[in-house]
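Heads up, the thing below is written out as structure tokens.
Protein chains get the first letters and strands the later ones, always in sequence-line order, with residue 1 at the start of each.
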Amino acid sequence: MTTMRQAATLLAMSVTERQDALMKRLRAGCPESGVSWLEEVARTALSERSTKRLLDAFPATARRLGTGLLATTTTCEPEGTSNFTADVGGRAVLLLVAAVIDPENLKTVTEAAYDIGDTREKIAVVRSLGLLPDNTQLLPLALDAGRTNDANLFAALATDNPYACQRYPEPDLNKLVMKAAFVGIPIDRIIGLEQRCNQDLARMGMEYIDQQQSADRDFPPELWLAIGPHPPAGAVARMIGYLNHSVEAHRLGAARGLGMTADGRARAFLQERSAVEESPEVRAEVLRSLEALSATG
Amino acid sequence: MLFDPHIHLASRTTDDYERMAKAGIRGVVEPAFWQGQPRTQVGTFIDYFNSLVGWERFRASQFGIAHFCTIALNPKEANDPRISRDVLDLVPRYLEKDGVVGVGEIGYDDVTDAEEKAFAEQLELAKKLAVPALIHTPHRDKKKGTERTLALVKEVGIPEDLVIVDHNNEETLPLVLETACWRGHSIYPDTKMTEERMVGLLKRYGTERMIVNSAADWGKSDPLKVPKTADAMRAAGFDEEQVQTVCWHNPIRFFEQSGRLDRTLLESDKIDQTLLFEGNSVLRGQQPRRQ
């Protein structure tokens with residue numbers, strides 16, 4: 001998987017290399033005046049060994065660099081940065097500079113940026129978590145973001161961000177996944193979820209589906225991804241049932257979930273579906289799942 | 001359209017917002033000041049400043065009012081050594097936040113050394129960042145306090161165009177008129193200045209750089225004093241252009257010097273009460289209004 005390869009690259013990248021990778025994208029996508037401003041802030045902070053300089057510049061970053069999506073370059077990006085906007089990229093650079101100036105106090109500086117930040121600033125801190133060295137110590141900050149009522153801040157932690165799956169303890173991660181499903185965030189964008197799936201999460205997911213069905217309500221079809229690797233009793237049969245659902249997204253979710261089950265019983269049903277499925281996207285997923293199941297024997 | 005360039009909305013109710021919007025107020029500046037009782041730790045300032053750039057701005061937007069603010073350590077609390085240094089250290093960072101249109105309120109209250117130190121440091125900051133400074137003048141020994149204020153402005157060397165000296169009266173205004181500073185007047189139910197006296201000052205001195213505000217806060221005050229002054233001006237024979245100069249164009253021109261007063265926010269009459277701020281709404285079960 002590309003995710004795995006990128007994660008390995010991130011581990012091999014030094015703090016300065018991560019900074020350089022972001023600066024390259026900022027130079028390509030932001031106003032020249034904004035980039036010079038950021039470089040000047042970083043230079044002054046480094047020469048004065050002052051993290052306060054960086055914190056004082058934190059709020060202005062969006063105004064200076066803009067908030068547009070940064071284009072990716074051809075080289076390998078650090079994981080979780082492909083969706084960075086200019087302000088997030090600039091603020092991540094400021095935190096990486098802080099990591100160079102005063103690695104001992106990176107926790108204090110990052111928390112100061114977060115605590116006094118408005119929502120955009122907080123989002124930038126949360127999106128940068130995976131890039132920062134020794135980031136286990138930033139878990140309390142991430143847990144705080146995970147408890148927010150602000151949908152955008154929560155999404156910054158839960159989607160396209162490797163941090164939660166890297167550092168969250170299992171009970172907290174399970175709550176995060178369920179909250180994502182509950183508030184309508186696609187859980188297939190939780191980076192690294194596959195490796196962190198567990199029986200308890202599968203149980204919670206299954207119970208949520210039961211609860212929704214009893215109330216005659218829909219559920220997010222990609223929830224099967226959280227259930228597939230450790231399916232509770234009856235879950236595989238339910239997914240097989242959803243393979244024939246009239247809604248395409250449900251067929252897709254069920255096919256993806258089944259591919260993760262390592263349950264040979266699903267094969268015949270997937271083969272049957274592949275023969276009649278009209279949606280190319282679902283059909284491709286069905287075939288992928290069949291392949292995954294044969295790989296697991 | 002009317003603009004109230006000095007009002008402490010964190011202390012006001014949603015009824016006030018509704019009445020202000022109905023009376024034609026489309027934009028406000030909320031200067032950071034004290035809260036009626038002393039704060040004892042820097043954290044309460046952080047939360048207060050956050051509310052000025054966050055929740056309060058959102059609340060105003062829900063009634064169709066564009067909310068800007070100024071950030072500072074206020075003169076009164078500059079006297080408290082437990083918090084003054086830490087708060088002053090926070091100010092530069094908040095001055096970089098969106099919608100922060102200057103440094104304020106700063107100035108003298110009791111005219112102490114500690115006040116002067118904080119006042120000078122924050123005037124220097126406004127000069128360095130080239131943003132407006134909103135200066136409070138003392139309630140007691142006001143004339144002398146204003147003289148010292150103007151002397152300090154000269155000493156620091158901040159361009160006078162970037163300075164508003166607020167809460168003027170018949171005694172202090174002539175001093176400010178000798179400078180290029182902008183002239184602020186807080187119209188109050190009982191103290192400071194009334195609509196009628198304000199009209200008298202405008203008749204005598206004209207409308208150039210003249211600004212009125214309600215300075216409404218947690219005390220007995222009136223958030224409709226700008227519209228009431230506009231009405232008093234009309235009743236006294238001022239034409240609409242003159243009313244607009246004092247109650248709309250002047251304060252906007254002054255704070256626009258910050259480069260952070262987004263006119264599109266002022267000119268838009270959009271209200272979207274389906275929006276949330278950090279997941280929170282101002283509504284309590286009402287049907288959200290969109291226009």
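- In this structure, chain A has a heavy atom under 4.5 Å from the side chain of B:Ile46, while its backbone stays farther away.
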Check every N and O of chain A against chain B and note each donor-acceptor pair under 3.5 Å, with its distance.
from, atom 1, to, atom 2, distance (Å)
A:Lys52, NZ, B:Asp89, O, 3.2
A:Leu55, O, B:Arg93, NE, 3.2
A:Arg63, NH1, B:Glu96, O, 2.7
A:Arg63, NH1, B:Asp98, OD1, 2.8
A:Arg63, NH2, B:Glu96, O, 3.0
A:Arg63, NH2, B:Glu96, OE1, 2.9
A:Ala112, O, B:Arg93, NH2, 2.8
A:Ile116, O, B:Lys97, NZ, 2.7
A:Glu121, OE1, B:Lys97, NZ, 3.3
A:Glu121, OE2, B:Lys97, NZ, 2.7

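- Of the two parts of A:Leu55, the backbone and the side chain both hold a non-hydrogen atom closer than 4.5 Å to a non-hydrogen atom of chain B.
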